[in-house]
Amino acid sequence: MSLMLYNTIRREKEAFVPIRPGHIGMYVCGVTVYDYCHVGHARVMVMFDVIYRWLMHSGFDVDYVRNFTDVDDKIIKRALERGIAIDVLTNEMIAAFHADADALGCLRPSHEPRATEHMDAMINMIQALVEKGKAYVSDSGDVLYAVREFAEYGKLSGKKIDELESGSRVDVDGSKRDPLDFVLWKMAKAGEPAWASPWGEGRPGWHIECSAMSCGHLGDTFDIHGGGMDLKFPHHENEIAQARAANGGGFARYWLHNGFVNINAEKMSKSLGNFFTIREVTERYHPEVLRMFMLATHYRSPLDFSDAALDESKAALDRLYETAKRCQETGVPAQQSEQLPVRFTAAMDDDFNTPVALAELFDTSRMLNKGLNEGADVSALATQFAGMVALLGIVQQDASVWFQQGDVDEAAIEAQIEARLQARKARDFARADAIRNELSAQGIVLEDGAAGTTWKKI
RNA sequence: GGCAGGGUGGCUCAGUGGCUACGGCGGAGGACUGCAAAUCCUUUAUUCGCGAGUUCGAUUCUCGCCCCUGCCUCCA
């Protein structure tokens, strides 16, 4: 069974063949660091984290690069509004990004380049484009990319230059040879951050960053490039145009794009203002619930965000934790296995079909519970369970702690449980039930198991 | 208008040219329990937006229609 990927540029699933056997270079577009990340960003983090884990599990040595855009108009504007230096803002947001990604259980990429640290690479790339006649200096002094000079422009997004223009949503700018031409180097206005370049003091355009950083880390031709669906056009289209025209390489071979997170069937986005930051959500739900929520839908499908959906994810995750808790209580060894169920592996190999992978996980969970009920040897199942769960990055918390989150007085609860136990021994069930009801009113649910009574907070 | 992706049980989400349409949530019944909770078992879509076509056979392929969303400007 080999890995099949849906390649946006070909619009179909195809077998993945790495450029170098055993090795994968993967670049994922990160974020512009001017504000906290929202749930849409979380989806990219989580899905590519799962992809990263799966590729490594499949035996590849993965070079995973995810950038930070730390020069940009929005950053300049935000820093000005807050009256702080740009690097103070970007450092703060990068730290916040890491905190969010860590909370979501995402592994750090191999490299996390920042645009400001790759000025030379960008300037060199722009220089090459100018020399090859693919870019020009406009009347305003900005360096622009001439889309007409790149024959394949529009291939990724399936757009044609002429049709785009007739759509007339493109800015009319007299200094552009073609309305679709985009900025490679933007001249700085007074007070704006600037870097020296052959064309004067200025800063790079957004698209050139990713072309320069991806090629810089992974080479002119690399395996996988990913990001949100909204980056397909124009961002990724422009990246392709720049990189291929500049260095003659093939650039990315496989393009992976994840679907949006919607609210009320509408895209969550900054511009619509209908977004929730990751930290807002994780104040109310454990980050793993958010991760579970992402995994329950295929990465290319839209994902409708709501508290009801999160509640469902919580319930589903609880079910898994219930199994983990029982294994823990029973003392079943929980080492992870490299040998995963066939269906799970096949699902992940089939364009990272996490919903099917989860279905297999739930089936294993059920078999495990059943085996536990019957006192059978469940070590093999427990091992597979642990292996699957580790690859998905869920059920990574201590199972008993998972059910005991929140403000609780553990000692008081334990005392109540002991009191109830005595009452039950004396067959004073009225007293026992009264204690249980009392705890229940505080959101504490008791479970009388073979290994004694345990409690959980709901 | 161009392009892309969708419409599957009460909700959510997979999937396939044909045996019993995957899971999860919720509901119902049962086992277990003093009673619960958890778990397990059974059950919950004559049916996969609508119409036509191809086919021995379509939810799955083709065409048309209806509806939804996204991209076409910054956006994960």
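By convention in this document, chain letters (A, B, ...) are assigned in the order of the sequence lines, proteins followed by strands, and residues within each chain are numbered from 1. Note that the coordinates shown come from a computational prediction; the quantities given were computed from them, not determined experimentally.
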- [ ] Round to a whole Å and report the spacing from CG of Leu295(A) to C1' of C13(B).
- [x] 13 Å
- [ ] Measure up the His236(A) and Trp255(A) rings against each other and bin them: parallel (under 30°), tilted (30 to 60°), perpendicular (over 60°).
- [x] tilted
- [ ] Would you classify Val261(A) as touching base, sugar-phosphate or nothing, given that sugar-phosphate means primed atoms plus P, OP1 and OP2, and contacts are heavy atoms under 4.0 Å?
- [x] base
TODO: Look at Arg366(A) and C41(B) and indicate whether a side-chain polar atom (N or O) is within less than 4.0 Å of OP1 or OP2.
DONE: yes
Task: Centroid under 5.5 Å and tilt under 30°, Phe429(A) to G34(B) - done: yes
TODO: Select base, sugar-phosphate, or nothing to describe what Thr297(A) touches, counting heavy atoms under 4.0 Å on all strands.
DONE: sugar-phosphate
TODO: May I ask you to verify whether the side chain of Asp433(A) and the base of G34(B) hold a donor-acceptor pair under 3.5 Å?
DONE: yes
TODO: Measure from the ring center of Phe251(A) to the ring center of His225(A) and say whether it is less than 6.0 Å.
DONE: yes
Open item on the list: By nearest atom, which of the nucleotides C72(B), C74(B), A76(B) is closest to the Thr32(A) side chain?
Closed with: A76(B)
Open item on the list: I'd like to know if the side chain of Asp70(A) reaches the main chain of Val33(A), judged simply by a donor and an acceptor atom lying under 3.5 Å from each other, with no hydrogens or angles considered.
Closed with: no
TODO: Would you classify Gly40(A) as touching base, sugar-phosphate or nothing, given that sugar-phosphate means primed atoms plus P, OP1 and OP2, and contacts are heavy atoms under 4.0 Å?
DONE: base
Open item on the list: Categorize Leu446(A) for me: base, sugar-phosphate, or nothing, with a 4.0 angstrom heavy-atom threshold over every strand shown.
Closed with: base
Open item on the list: Under 4.0 Å, counting only non-hydrogen atoms across every strand here, what does Glu322(A) touch: a base, just sugar-phosphate, or nothing?
Closed with: sugar-phosphate
Open item on the list: Distance criterion of 3.5 Å, no angle test: do you see the side chain of Arg43(A) paired donor-to-acceptor with the base of A76(B)?
Closed with: no
Open item on the list: If you compare every side-chain N and O of Lys267(A) against the phosphate oxygens of C71(B) (OP1, OP2), does one of them come in below 4.0 Å?
Closed with: yes
Task: Arg319(A) side chain near G24(B) phosphate (N/O to OP1/OP2, under 4.0 Å) - done: yes
- [ ] Determine the contact category for Gly30(A): base if any of its heavy atoms lies under 4.0 Å from a base atom, sugar-phosphate if only primed atoms, P, OP1 or OP2 are that close, otherwise nothing.
- [x] sugar-phosphate
- [ ] Report yes if a side-chain nitrogen or oxygen of Asn369(A) is closer than 4.0 Å to either non-bridging phosphate oxygen (OP1 or OP2) of C40(B); otherwise report no.
- [x] yes
Open item on the list: Of the options G34(B), A4(B), G70(B), whose atoms approach the side-chain atoms of Glu266(A) most closely?
Closed with: G70(B)
Open item on the list: What's His38(A) touching, base or sugar-phosphate or nothing? Going by heavy atoms closer than 4.0 Å.
Closed with: base
TODO: Select one nucleotide: of G23(B), A14(B), C35(B), the one nearest the side-chain heavy atoms of Phe362(A).
DONE: G23(B)
Task: P-based separation of U59(B) from U8(B) [nearest Å] - done: 15 Å
Open item on the list: Please report the distance separating the P of G53(B) from the corresponding atom of G27(B), rounded so that it comes out in whole Å.
Closed with: 44 Å
Open item on the list: Counting only Watson-Crick pairs (N1-N3 plus N6-O4 or O6-N4) and G-U wobbles (N1-O2, O6-N3), all under 3.5 Å, who is the partner of C65(B)?
Closed with: G49(B)
Task: Nucleotide forming a Watson-Crick or wobble pair with C3(B), both distances under 3.5 Å - done: G70(B)
Open item on the list: In whole Å, I'd like the distance from the CH2 atom of Trp255(A) to the C1' atom of G5(B).
Closed with: 19 Å
- [ ] Tell me the partner of C40(B), counting only Watson-Crick (N1-N3 plus N6-O4 or O6-N4) or G-U wobble (N1-O2 and O6-N3) with both under 3.5 Å; none if nothing fits.
- [x] G30(B)
Open item on the list: Taking 4.0 Å as the cut-off, does a side-chain nitrogen or oxygen of Asn353(A) come that near to OP1 or OP2 on G15(B)?
Closed with: yes
- [ ] Starting from P on A76(B), measure out to NE2 on His207(A) and report it in whole angstrom.
- [x] 12 Å
Open item on the list: Once you measure the plane-to-plane angle for Tyr145(A) and Phe150(A), does it fall in the parallel (<30°), tilted (30-60°) or perpendicular (>60°) bin?
Closed with: perpendicular
- [ ] Describe the nucleic acid contact of Met45(A) in one word from base, sugar-phosphate, nothing, applying a heavy-atom distance below 4.0 Å.
- [x] nothing
Task: Listed nucleotide nearest any side-chain atom of Ala316(A), set C35(B), G24(B), G5(B) - done: G24(B)
- [ ] Decide yes or no for Met292(A) and Leu358(A): does some side-chain heavy atom of the first lie under 4.5 Å from some side-chain heavy atom of the second?
- [x] yes
- [ ] Look at the side chain of Pro355(A) and decide which nucleotide, out of C72(B), C13(B), A36(B), has an atom nearest to it.
- [x] C13(B)
Open item on the list: Nearest to the side chain of Lys232(A), heavy atoms from C-beta on, is which of U39(B), C71(B), A4(B)?
Closed with: A4(B)
- [ ] Report the distance from atom CZ of Arg420(A) to atom P of C35(B), rounded to the nearest whole Å.
- [x] 13 Å
Task: Minimum-distance nucleotide to Arg427(A) side chain [options: G34(B), C25(B), C74(B)] - done: G34(B)
- [ ] Report the relative orientation of the aromatic rings in Phe305(A) and Phe293(A); use parallel for angles under 30°, tilted for 30 to 60°, perpendicular for over 60°.
- [x] perpendicular
Task: Pairing partner (Watson-Crick or G-U wobble, both distances under 3.5 angstrom) of C13(B) - done: none
- [ ] Answer with base, sugar-phosphate or nothing: what part of the nucleic acid does Arg66(A) contact at a heavy-atom distance below 4.0 Å?
- [x] nothing
TODO: May I ask you to decide if the ring planes of Phe68(A) and Phe97(A) are parallel, tilted or perpendicular, using 30° and 60° as cut-offs?
DONE: perpendicular
Open item on the list: Is the phosphate of A14(B) approached by Ser301(A) (side-chain N or O, under 4.0 Å from OP1 or OP2)?
Closed with: yes
Open item on the list: Which nucleotide wins on minimum distance to the side chain of Glu312(A), given the candidates C25(B), C71(B), A38(B)?
Closed with: C25(B)
Task: Residue from Asp448(A), Asp433(A), Asp428(A) passing salt bridge (Lys or Arg N to Asp or Glu O under 4.0 Å) with Arg420(A) - done: Asp448(A)
- [ ] Under 4.0 Å between any heavy atoms, over every strand shown, what does Asp72(A) touch: base, sugar-phosphate, or nothing? Just pick one.
- [x] nothing
Open item on the list: Using a heavy-atom cut-off of 4.0 Å across all strands, would you classify Arg326(A) as base, sugar-phosphate, or nothing?
Closed with: sugar-phosphate
